[in-house]
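Just so you know, residue 1 is the first one in the sequence shown, and it goes up from there.
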Amino acid sequence: MALVPCQVLRVAILLSYCSILCNYKAIEMPSHQTYGGSWKFLTFIDLVIQAVFFGICVLTDLSSLLTRGSGNQEQERQLKKLISLRDWMLAVLAFPVGVHTTVLPFILIEMRTSHHAYPSRSSGLAAICTFSVGYILWVCWVHHVTGMWVYPFLEHIGSGARIVFFGSTTILMNFLYLLGEVLNSYIWDTQRSMEEEKEKPKLE
C-alpha cells in the first residue's frame, strides 16, 4: 500500500501548481508587461496545462468517490467522460509539453499510480501537431505585432533556419507523444505481469 494515497498526492500537486502560478504572475518582469504577457512563453502555458490536468484528476477522484455504490447510471456516464478527458490531456498535452520542464516527475508519478487509456495514435498525433503548429503561429504573430521574437535566439538566425527549427520542434513533440504512449504501456504491462505472477499457484 502506498504511504501517500494517490488522491491526496494529486491534491498536493494541484495546490503546488496553483502556488507556482500565483508566484509566477507576481514576478515583475518587463517581458510579462508586453503584448501577450506570460502567455507568450511555453513554460507558463505548460504550468497552466499541468494545473488544469491535475484539477481534472482531483475532480475525477471526487466524482469517483461520490459515484461509488450509488448505482446512478448518469453519474457513471459523467465519470467516464471525466476519465476520458483526463487520459486525453495526459497523452496529448501534460506529458509531451511537460517533458521540457521540471514537472516531468509529477507526470511520471501520475502515470505510475493510475492507468491511462491513450487515444488512437492518429488522433493523438493530430492533436499534438495542432498544438505545436498553433503555438508556432502564436510566436510568429507576437513577432508580427511587436517586431520582437519571444525567444531572442530567433533574431539571430535566418528564415530558413527558423523553418527548420519550428519543423524540428513539431517532430520532437510527436516523438514525445510516442514516448509517453510506449512508457504508459510498459508501466502497465509490467504491472500486469507482476500481478499475474503473484496469482499463479506456487508449486510444492
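With sequence neighbours excluded, the residues that form a side-chain hydrogen bond (donor to acceptor under 3.5 Å, both in side chains) with S123 are S120. For Y177, the ring-ring contact (aromatic ring centres under 6.0 Å, His included) partners two or more places apart in sequence, or in a different chain, are Y118. For I157, the side-chain contact (heavy atoms from CB on, under 4.5 Å) test picks out F153, L154, A161, R162, with sequence neighbours left out. Checked against side-chain hydrogen bond (donor to acceptor under 3.5 Å, both in side chains), D61 has the following partners two or more places apart in sequence or in another chain: R10. Shown here are the side-chain hydrogen bond (donor to acceptor under 3.5 Å, both in side chains) partners of Y135, two or more places apart in sequence or in another chain: Y151.
Between the side chain of T60 and the backbone N or O of I56, at least one donor-acceptor pair lies under 3.5 Å. For the pair N184 (side chain) and G180 (backbone), a donor-acceptor distance under 3.5 Å is absent.
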Point to revise | Worked check of side chain to side chain contact (heavy atoms under 4.5 Å, CB included) between L47 and Q50 | key: CA-CA 5 Å; L47 287 173; Q50 303 302 326; 5.8 Å; no
Check your understanding: Which is it for L42 and V139 under the side chain to side chain contact (heavy atoms under 4.5 Å, CB included) test, yes or no, and what are the steps along the way?
Key -> CA-CA 10 Å; L42 189 59; V139 168; over 6 Å; no
Practice item. Start with the C-alpha gap between V58 and Q7, add the side-chain angles, then the distance that decides, and say whether side chain to side chain contact (heavy atoms under 4.5 Å, CB included) holds. Key: CA-CA 7 Å; V58 171; Q7 294 88 348; over 6 Å; no
Practice item. Go through the steps to decide whether C140 and W149 satisfy the test side chain to side chain contact (heavy atoms under 4.5 Å, CB included), and finish with yes or no. Key: CA-CA 8 Å; C140 292; W149 288 103; 4.2 Å; yes
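Annotation: the span from L82 atom CG to L59 atom CG amounts to 5.0 Å, rounded to 0.5 Å. From S19, atom OG reaches atom CG of L15 across 8.5 Å, with rounding to the nearest 0.5 Å. Separation of atoms CH2 (W138) and CD1 (I45) is listed at 8.5 Å; rounding is to 0.5 Å. Distance check: C57 SG to L85 CG gives 9.5 Å after rounding to the nearest 0.5 Å. Rounded to the nearest 0.5 Å, atoms CE (M173) and CD1 (I136) are 9.5 Å apart. To the nearest 0.5 Å, the span separating CD1 on I187 from CE on M111 amounts to 5.0 Å.
The cluster map of Ile, Leu, Val, Met, Phe, Trp and Tyr, joined by side-chain heavy atoms under 4.5 Å apart, puts F175 and V92 in the same cluster. By the criterion of side-chain heavy atoms lying less than 4.5 angstrom apart, applied directly or through intervening Ile, Leu, Val, Met, Phe, Trp or Tyr residues, M148 is not grouped with V145; the two fall into different hydrophobic clusters. Residues V52 and L62 share a single hydrophobic cluster, defined by chaining ILVMFWY side chains whose heavy atoms lie under 4.5 Å apart. When hydrophobic clusters are built by joining Ile, Leu, Val, Met, Phe, Trp and Tyr residues whose side-chain heavy atoms come closer than 4.5 Å, directly or via intermediates, V133 is not grouped with I163. L172 and I128 fall within a single hydrophobic cluster, where Ile, Leu, Val, Met, Phe, Trp and Tyr side chains are chained together by heavy-atom contacts under 4.5 Å.
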Enumerate, atom names and distances included, each donor-acceptor pair closer than 3.5 Å involving a side-chain atom of residues 34-41, sequence neighbours excluded.
residue	atom	partner	partner atom	Å
T34	OG1	S31	O	2.9
T34	OG1	K40	NZ	3.1
Y35	OH	W141	NE1	2.9
K40	NZ	S31	O	2.7
K40	NZ	Y35	O	3.2
K40	NZ	G37	O	2.9

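The closest side-chain heavy-atom distance from L93 to W88 is below 4.5 Å. A heavy-atom distance below 4.5 Å is found between the side chains of L79 and S64. Proximity of F44 to L21: side-chain heavy atoms (C-beta onward) are separated by under 4.5 Å at one or more points. Contact check for F53 versus I107: side-chain heavy atoms found under the 4.5 Å cut-off. Residues V97 and F131 are in side-chain contact: their nearest non-hydrogen atoms beyond the backbone lie under 4.5 Å apart. Contact annotation: the side chain of H116 approaches that of S114 to within less than 4.5 Å [non-hydrogen atoms, C-beta and beyond]. Taking 4.5 Å as the limit, every side-chain heavy atom of V99 sits out of range of all side-chain heavy atoms of L179. Inter-residue side-chain proximity for V150 and H143 is flagged as unmet; no heavy-atom pair is nearer than 4.5 Å.
Here the shortest heavy-atom pairing between T113 and C6 reads CB-CB, 4.0 Å. Residues P119 and G124 come closest through the heavy atom pair CG-CA, 4.1 Å. When all heavy atoms of C129 and N174 are compared, the closest pair comes out as SG-ND2, 3.2 Å.
Relative ring orientation between F106 and F54 is described as perpendicular, the plane-to-plane angle rising above 60° on a 0-90° scale split at 30° and 60°.
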